[in-house]
Amino acid sequence: MGFPLNSLTKLIKLGFSAKKEADSSVRISVVVDTSADEALVQCMRRILVPETISGLVRVERLRSDISLKTDTDLVLVLTGGSEELEEVVQKLVICGAPLMVLATHANQVPFIHGDTPVLGLRAHEDPQQLIAPLAHWIQARTDKPAAFAANFSFMRSAASQHLIQQTALANVATGALVFIPGADFPVMTAAQLSMLLQLAMIHNKPLHAERGYEAAFVVLSGFIIRMIIRQFKPYAGKASFVLKGLGGGIGTLLIGELICFVYRRDLDYSRANQALGSLAKQTRHLLIARSEQVH
């Protein structure tokens, strides 16, 4: 079954939608307590450097009369524990933006006993161990995951994992519930191409023509996985729908992880472009030569 034109149109629209989401403004307020460990402060300074013009990080000292801008998307409080900390945190939470307190030891912030939708605490002697938990906490609470990931590289793994898992689950359902032969392939492929576009935005990769290589990889990989599944279907009997579902889900997970691997390595397509350019030039010369022979 061919890839429907309306699905292609939706993908193009989704590409622009994903770019628009990734370009959304991101405003982080970092509140530094004078008691905060210097290693913690330096760690946050290193990872909180926006990579696009849409990102902004505001830094200020913790004080009783502190106030937030109305456009704040996230608040991070770096502390080692102080007398006015609880009062200030309560004031900041009322502003509505998700707030994470980061410390060296949990007992430095005794008034926070667990996560809520707008308040959290992470503590560790090694600030590096706070980065991944912080990323997952933000991912679960922000409505701008692509924008956060496009601006801050430490967010990309959490955002990518969430997107890949969502797409894989959708393709499990598609593979298991679509019973018309061949009808599931274009639907799952469209979902995987949608995932590709969103992963590109998460990794701050612009919508260049080179995304075409990756799109071709997604379609070819999906086709190969489908052929492999077909070899085992006769042995599955009535449970073949389970095999289709698992194949669609696992295949999507593998494709997503490979795309992320390519983006993390920042693959250079210059050689592929040169090879295609050379092939196009040779083909054009050959066609011209044959045309001249005919005349």
Side-chain angles (χ1 to χ4, degrees), residues 11-32 40-62 66-78 92 95-100 102 118 127-128 130-132 134-164 193-215 256 259-270 273:
L11 280 172
I12 294 172
K13 291 180 178 178
L14 179 62
F16 287 105
S17 175
K19 185 179 186 308
K20 183 178 180 180
E21 181 184 347
D23 289 341
S24 299
S25 64
V26 174
R27 302 290 183 259
I28 299 179
S29 288
V30 181
V31 180
V32 183
L40 173 60
V41 174
Q42 292 301 323
C43 179
M44 292 300 111
R45 178 179 293 174
R46 178 175 58 81
I47 68 172
L48 294 174
V49 179
E51 296 185 19
T52 78
I53 59 174
S54 63
L56 178 64
V57 177
R58 306 182 181 109
V59 183
E60 53 188 314
R61 291 290 181 183
L62 185 143
I66 194 170
S67 62
L68 295 177
K69 300 286 187 181
T70 56
D71 62 350
T72 302
D73 297 300
L74 173 71
V75 184
L76 299 179
V77 177
L78 315 183
L92 294 176
C95 296
L99 187 152
M100 170 64 80
L102 299 171
V118 294
Q128 294 294 326
L130 297 173
I131 297 175
L134 173 62
H136 285 283
W137 190 89
I138 296 171
Q139 169 65 32
R141 286 161 175 79
T142 181
D143 57 356
K144 300 178 179 180
F148 267 91
N151 275 281
F152 306 103
S153 59
F154 80 95
M155 285 290 304
R156 288 171 189 164
S157 177
S160 299
Q161 287 178 24
H162 181 74
L163 173 61
I164 292 170
L193 289 172
S194 166
M195 177 181 70
L196 164 66
L197 294 175
Q198 293 178 76
L199 286 174
M201 295 300 99
I202 285 172
H203 288 82
N204 201 17
K205 301 294 182 183
L207 292 176
H208 287 170
E210 291 173 345
R211 300 286 82 81
Y213 294 118
E214 296 149 10
I259 292 170
C260 289
F261 177 84
V262 168
Y263 287 157
R264 287 194 298 268
R265 297 300 182 277
D266 201 18
L267 188 64
D268 183 7
Y269 292 103
S270 58
N273 290 337

Rounding to 0.5 Å, atoms NE2 (His162) and OG (Ser157) come to a distance of 13.0 Å
Would you compute the distance between atom OG1 of Thr142 and atom CG of Leu74 and round it to the nearest 0.5 angstrom? 8.0 Å
Could you go through the side chain to side chain contact (heavy atoms under 4.5 Å, CB included) check for Val57 and Phe152 one step at a time? CA-CA 11 Å; Val57 177; Phe152 306 103; 3.9 Å; yes
For Ser160 and Arg156, indicate whether the former's side chain and the latter's backbone hold a donor-acceptor pair under 3.5 Å. yes
Stepwise side chain to side chain contact (heavy atoms under 4.5 Å, CB included) check, Asp71 with Leu56: CA-CA 11 Å; Asp71 62 350; Leu56 178 64; 5.8 Å; no
Is Lys205 salt-bridged to Glu214, cutoff N-O under 4.0 Å? no
From Leu62, Val59, Val41, residue fulfilling side-chain contact (heavy atoms from CB on, under 4.5 Å) relative to Leu78: Val41
Separation between CZ (Phe154) and CD1 (Ile47), nearest 0.5 Å, reads 4.5 Å
Out of curiosity, Ile138 CD1 to Leu134 CG, how far, rounded to the nearest 0.5 Å? 4.0 Å
Heavy-atom pair of closest approach, residues Ser54 and Asn151: OG-ND2, 3.4 Å
Sidechain-backbone polar pair: Arg141 side chain, Val118 backbone, donor-acceptor under 3.5 Å: no
Separation of Ile66 CD1 from Ser29 OG (nearest 0.5 Å): 7.5 Å
Check each of Arg58, Lys69, Lys144 against Arg27 using the side-chain contact (heavy atoms from CB on, under 4.5 Å) test, and report the only one that passes. Arg58
Go through the steps to decide whether Leu40 and Leu130 satisfy the test side chain to side chain contact (heavy atoms under 4.5 Å, CB included), and finish with yes or no. CA-CA 9 Å; Leu40 173 60; Leu130 297 173; 3.8 Å; yes
Steps toward side chain to side chain contact (heavy atoms under 4.5 Å, CB included) verdict (Ile202, Tyr263): CA-CA 10 Å; Ile202 285 172; Tyr263 287 157; over 6 Å; no
Of all heavy-atom pairs linking Glu51 and Ser153, the shortest is OE2-CB, 3.7 Å
Would a 4.5 Å heavy-atom cut-off, applied to side chains only, mark Met44 and Val32 as touching? no
Gap between atom CG of Leu163 and atom CG of Leu199 - 0.5 Å precision: 5.0 Å
Taking the side chain as C-beta and beyond, is there a heavy-atom pair between Cys95 and Val75 under 4.5 Å? no
Nearest heavy-atom approach of Gln128 to Cys43 is NE2-SG, 3.9 Å
